[in-house]
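Remarks on the structure that follows.
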Amino acid sequence: MVTRILIADDQEGIRSAFRMILDAQPDMTVVAEASDGRAAIDTARTVEPDVVLADIRMPGADGIEVTRALAGTGIHVVVVTTFGLDEYVHAALHHGAAGFVLKRSGPTLLIEAIRAAMNGDVLISPQLTVRLLRRRGLPHESSSVVLTEREDQIVAMVAHGMTNAEIAAELFLSPGTVKNHIASVQNKTSTRNRVAIAAWAWATGRAKP
């Protein structure tokens, strides 16, 4: 199954770079581009892509407005931006964004964010996740959850913003094994995604600065 993507950014160079990266993936194809937020909304409603990559600052309508306009349509919006301000992150997630990725995070994270969105997950750039969760650790009732030693290691790494690929390389595991451990942690902690795992880890003291 190929994920159909619309790229919305007012810089043509950014759109071209993203198109090259995404069209090179066997499970992704760019079906449309938009140079402003209003065009992004109109094009998305017409083309009905699976995912919209929306810059946070665009003429016509910004990425948050795009997210709000497409909420409930079944189209996933991943906000991609140079600006990692807390208020942007909170506003985007509040209005239903399926991810928030800094442009400087690189192509691997961009691709992971799209795949996470298609799986019903939410991926936030690690730099932002760690900063937000340190400031706003979320309370959780499952502080007495019993994890294996390996799960504890992986939870701490997730809380510090490491991707599955980075965790696998650090622990000499396959990415699939890491994914299985994370699924087990989600089951034990009743968390929906890696962001919630990170929040739980910071709130319960499993992750430390």
Side-chain angles (χ1 to χ4, degrees), residues 1-3 21-22 25-28 50-51 53 76-81 84 86 88-90 92-94 96-209:
M1 181 176 175
V2 176
T3 299
I21 291 166
L22 301 176
Q25 306 307 308
D27 58 341
M28 298 180 187
D50 299 304
V51 175
L53 294 183
H76 306 288
V77 179
V78 174
V79 176
V80 186
T81 181
D86 287 2
Y88 285 164
V89 182
H90 291 304
L93 297 179
H94 174 73
F100 197 103
V101 180
L102 295 176
K103 290 179 180 176
R104 65 176 180 270
S105 295
T108 300
L109 199 72
L110 180 68
I111 292 164
E112 283 196 22
I114 292 171
R115 290 180 178 146
M118 291 300 292
N119 288 327
D121 212 338
V122 176
L123 191 149
I124 304 174
S125 280
Q127 305 97 308
L128 300 175
T129 304
V130 173
R131 188 182 75 211
L132 290 170
L133 295 178
R134 281 181 179 174
R135 292 179 185 175
R136 302 181 59 177
L138 303 178
H140 200 285
E141 297 177 358
S142 303
S143 58
S144 61
V145 168
V146 177
L147 302 180
T148 67
E149 183 178 353
R150 181 65 83 193
E151 288 169 349
D152 264 326
Q153 286 179 302
I154 291 174
V155 163
M157 291 176 170
V158 168
H160 282 88
M162 294 177 69
T163 65
N164 285 5
E166 290 170 335
I167 294 171
E170 180 74 17
L171 298 180
F172 302 101
L173 300 172
S174 71
T177 299
V178 173
K179 185 176 180 180
N180 289 339
H181 281 303
I182 289 176
S184 175
V185 171
Q186 286 178 284
N187 184 55
K188 290 180 179 180
T189 58
S190 300
T191 49
R192 293 185 57 191
N193 52 50
R194 63 194 302 115
V195 176
I197 289 174
W200 176 82
W202 285 106
T204 58
R206 303 234 179 202
K208 300 184 186 302

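Small disclaimer: the values here were computed from a predicted structure and weren't measured.
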Rounded distance (nearest 0.5 Å) linking atom [atom1] of [X] with atom [atom2] of [Y]:
X: Met157; Y: Glu166; atom1: CE; atom2: CD; value: 10.0 Å
X: Leu110; Y: Leu22; atom1: CG; atom2: CG; value: 5.5 Å
X: Thr81; Y: Leu53; atom1: OG1; atom2: CG; value: 12.5 Å

Shortest non-hydrogen contact from [X] to [Y]?
X: Ala97; Y: Val79; result: CB-CG2, 4.2 Å
X: Val2; Y: Met28; result: CG1-C, 3.7 Å
X: Val145; Y: Lys188; result: CG2-O, 3.6 Å
X: Ala159; Y: Ala201; result: CB-CB, 3.8 Å

Hey, does [Y] have a side-chain heavy atom less than 4.5 Å from the side chain of [X]?
X: Ile114; Y: Thr3; value: yes
X: Arg150; Y: Leu171; value: yes
X: Val80; Y: Phe100; value: no
X: Ile167; Y: Gln153; value: no
X: Ile111; Y: Arg115; value: yes

Study note, to complete from the structure: Hits for side chain to side chain donor-acceptor pair (under 3.5 Å) against Asn164, two or more places apart or cross-chain, chain-then-number order -> Arg194
Practice item. Check the pair Ile197 / Ile182 against side chain to side chain contact (heavy atoms under 4.5 Å, CB included), numbers first and verdict last. Key: CA-CA 9 Å; Ile197 289 174; Ile182 289 176; 3.7 Å; yes
Measure from the side-chain N and O atoms of [X] to the backbone N and O of [Y], and report whether any donor-acceptor pair falls under 3.5 Å.
X: Thr177; Y: Leu173; answer: no
X: Glu151; Y: Thr148; answer: yes
X: Asn187; Y: Ala183; answer: no

Practice item. Quick one: do Met1 and Asp27 satisfy side chain to side chain contact (heavy atoms under 4.5 Å, CB included)? Show the steps, please. Key: CA-CA 6 Å; Met1 181 176 175; Asp27 58 341; over 6 Å; no
Study note, to complete from the structure: Sorted by chain and number, sequence neighbours left out, side-chain contact (heavy atoms from CB on, under 4.5 Å) with Ala117 holds for His76, Val78, Ala98
